[in-house]
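Reminder, nothing fancy here: chain letters follow the sequence lines and each chain counts from 1.
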Amino acid sequence: MSSPLLSNLNAEQLAAVTLPHGSALILAGAGSGKTRVLTTRIAWLLATGQANPSSVLAVTFTNKAAREMLARLSALTPVNTRGMWIGTFHGLCNRLLRTHYRDAGLPQLFQIMDMQDQLALIKRVYKASNIDADRFPPRQLQALINDSKEEGSRPNQVEANDEFTRRQVEHFALYEEACRREGVVDFPELLLRSFELLSGHESLREHYRRRFSHLLVDEFQDTNALQYRWLRLLADPHTAVFAVGDDDQSIYAFRGANIANMQHFERDFATPEAPVKLIKLEQNYRSHGHILDAANALIRHNQSRLGKDLWTADAQGEPVRAFVAPSDTHEAAFIVDVVKSLIDEGVSPAEMAVLYRSNAQSRVLEHALFNAAIAYRVYGGMRFFERAEVKHALAYLRLLAAPDDDGAFLRVVNFPPRGVGARTLEALQDQARATGTSLWQSACATRFGGKAGGSLAGFLAQIEAMRAATAGLPLGETVEHVVQSSGLAAHYTAEKGGQERIENLQELVNAAESFVREADLQVAGEAEGETGDALSAFLAHAALEAGETQAAEGRPALQLMTVHAAKGLEFHTVFLSGLEEGLFPHENSLSEHDGVEEERRLAYVAITRAKRRLYLTHAQSRMLHGQVRYNVASRFLDELPRALIQWLSPQRADVPPAREPASGAARYDALRDRPGWRIGQSVKHAKFGLGIIIDAEGRGTDARVQVNFRNAGVKWLALEYAKLQPA
DNA sequence: AAATGTGGAATTTTT
DNA sequence: TTCCACATTT
């Protein structure tokens, strides 16, 4: 078939797109046209009449990926994408639960809690049950709850082999009861509840199994145990499951992603008639050859992988550059210099990214960039819908939609301050606990005396007035009205520095308006219509899509982000900074199961972001937690073929540390009469291997040095006896 | 109810 | 060091 749909696909892509009915695992390397294959596959299924829009379900992890898929699909096919189930796991589950809320055992207007809301609820549960938060850290329970649910377990299914865990599981059960009472669900609950909905209702399950003849899964390597079971439940032997993923880019094990799902896929989704097809996409359309060579060489050091080598028909390109800096500030200065000269060469700063392993590393870089007057943008941090003022406004809206939401009630009952104090709330909470009702219902049912009681009554009246005033209003006007009548606008106007918050509240009104306007284009599960209630849909949207971290800069800006945040992106030039043992691979990963392999995949992701130029940098000393740390070069640098790397500095630069450690005088003193030895120096030991001197004491023949060995840890050695070699 | 102080922790993060 | 949560103060 020579339809324009299929033109310009390479042989493997074409094979994947046109696979006959049956399940398939597409091993799609970085930059191999994964999204193109996924969207073209859907378009091809529709064009050839093998599927109609309503029989396709495509699932992604992020809203961004879902939007991109929708956009590209609309460009490929004239079919209206509105009827299609394309969205995130959470978005699709939300859609399912809104449609079948009765069978799912949920109130019609159940609210979705984000992680903040969830933590707040846990703390409230603790307070109500007199649980000591010092002995049982709320965050720990939160982790247990989410991990358990993502494994598919309810409290009665969690294995508890010690007293502490048994108590935690009791707390988990209390939390579940609170969720039920308040009509709220957390993120993993969306998945677990819809899993239970389908597994517990055969007719529903059969309905959806018959309906979705094609399941397509993006970033399959990121699926967790429950998502995998969810897919298996939705698939019957006639369902074609098209899973696209890359085991080498699995970097989310810490949040439950399970690469083993890729290994099990062939076994679990094969049918007697059709074994699972496996197709590898290895041709890369992003990077020049040297960059791919480096990526391939690095990832080959991993044991557990399905195996794959990227190649390009494009040029070998520039060599990969590496640089050793004496300190983190020198490293930043180097990056600034290169960025400047590349800008002079005409590369847009927006096409360059500085990547790092952990957010803390951005500070030094930002400082250097700021002083050099280079525009930059840092990814990460507070998202739009997570801002306090936005959450306050949303809490008022939630009370309009679902007054039993105690979390929303408590957030705004006295914000802006209206004289409802702690005493009143204590009494109200006791009352609610005693009667087993929500705070809202309790407050309505009770007459509280005195001034405080009057304030509370005022609040109730205010909410009722809002509800009456906004009934029938378009969503945007509802939000506008709530922002004004809640007193939030006035409160922030009066507050010094509240201007930004006012702007964010205005932005919330805009967001509501565009949400309604673009309802047609909304990702499945968020659109109005199925729930029949725009406000409720908007609240779900706010919870499921936290929004951008930061408004885009006006002028093109250098991109700063963690390697995790860079996944899926590409840049003309990439600086991968902080390539040091302890940082990257991170020291914590050394003790984790398969931790270093995951770190290596992370480095692989970083390298494969670069299209044309790649700089790998390492600082010999770095300020961390208020202390100077000396680190040896990352093992990942050594795992790259030397011939591929162009060193821009003497590889083992014998440069004195740029910054004296605070209490360093004595330590330098210790080595004063031992020329050739100094703190921060790279050394080699016959047995312990490579390391770096981080401390010293004693004089002359008594001199001892403390060495941080790459593989053997930190040791004190006598200079006189340990046969240390400068390295 | 805001302002100030203290102690502890400090990979990675989407929904 | 720096940030945060939480407690105490004013």
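Salt-bridge annotation for A:R72 and A:E68: present, with a side-chain N of the basic residue lying under 4.0 Å from a carboxylate O of the acidic one.
Here B:dT12 presents its P atom at 22 Å from CD of A:E597, a figure rounded to the nearest Å. If you take CD1 of A:I122 and P of C:dA5, they are 15 Å apart, rounded to a whole angstrom. Whole-Å rounding puts the A:K64 NZ to B:dT13 C1' distance at 14 Å. In this structure, A:D134 places its CG atom 12 Å from P of B:dA9, rounding to the nearest Å. Per the geometry, NE2 belonging to A:H90 stands 12 Å off C1' belonging to B:dT13, to the nearest Å. As rounded to whole Å, 14 Å separates atom C1' of C:dT2 from atom CD of A:Q627. To the nearest angstrom, P of B:dT15 lies 12 Å from CD of A:E219. One atom, CD of A:Q361, and another, P of C:dT2, lie 16 Å apart when rounded to the nearest Å.
Nucleic acid contact for A:Y252: sugar-phosphate only, since backbone atoms but no base atoms lie under 4.0 Å from a heavy atom of the residue. If you check every strand for non-hydrogen atoms under 4.0 Å, A:K123 touches sugar and phosphate atoms only. At a threshold of 4.0 angstrom between heavy atoms, the contacts of A:D222 with the nucleic acid are absent. At a threshold of 4.0 angstrom between heavy atoms, the contacts of A:F254 include nucleobase atoms, whether or not backbone atoms are also involved. Note on A:N146: nothing from the nucleic acid sits closer than 4.0 angstrom, heavy atoms only.
In this structure, A:N414 reaches the B:dA1 phosphate: one of its side-chain N or O atoms is under 4.0 Å from OP1 or OP2. For A:R139 and B:dA9, the shortest distance from a side-chain N or O to OP1 or OP2 is not below 4.0 Å. Between C:dC3 and A:N359, no contact under 4.0 Å exists linking OP1 or OP2 to a side-chain N or O. Contact between the side-chain N/O atoms of A:S589 and the OP1/OP2 oxygens of B:dT12 is not found at any separation under 4.0 Å. Between A:R383 and B:dT14, a side-chain N or O to OP1/OP2 separation shorter than 4.0 Å is present. For A:N63, a side-chain nitrogen or oxygen approaches OP1 or OP2 of B:dT15 to under 4.0 Å.
A:H90 and A:N94 form no side-chain donor-acceptor contact under 3.5 Å, judged by distance and modelled atom types alone. Using modelled atom types, one finds a donor on one side chain and an acceptor on the other under 3.5 Å when comparing A:Q142 with A:Q118. There is no side-chain donor-acceptor pair under 3.5 Å between A:S589 and A:E592. A:S327 and A:H330 share a donor-acceptor pair across their side chains, judged by distance under 3.5 Å alone.
Here the nucleotide nearest the side chain of A:T62, chosen from B:dT11, B:dT15, B:dT13, is B:dT15. Which of B:dA10, B:dA1, B:dT15 sits closest to the side chain of A:H625 comes down to B:dA10. Among B:dT14, C:dC3, B:dA1, the nucleotide with an atom closest to any side-chain atom of A:R363 is C:dC3.
The gap from the P atom of B:dT12 to that of C:dA5 amounts to 15 Å, rounded to the nearest Å. Only the C1' atoms considered, B:dT11 is 24 Å distant from C:dC6, to the nearest whole Å.
Both tests hold for A:R98 against A:F110: distance to the six-membered ring centre under 6.0 Å, angle to the ring axis within 45°.
Nucleotide B:dT11 forms no Watson-Crick or G-U wobble pair with any nucleotide shown, as no partner meets the under 3.5 Å limit on both distances.
Comparing A:E592 and A:R418 along DNA chain B, the residue whose closest nucleotide (by nearest heavy atom) sits nearer the 5' end is A:R418. Projected onto DNA chain B by closest heavy-atom contact, A:E386 and A:H586 fall at different nucleotides, the more 5' of which corresponds to A:H586.
Taking the six-membered ring where the residue is Trp, A:H541 and A:F515 present tilted rings, their angle falling between 30° and 60°.
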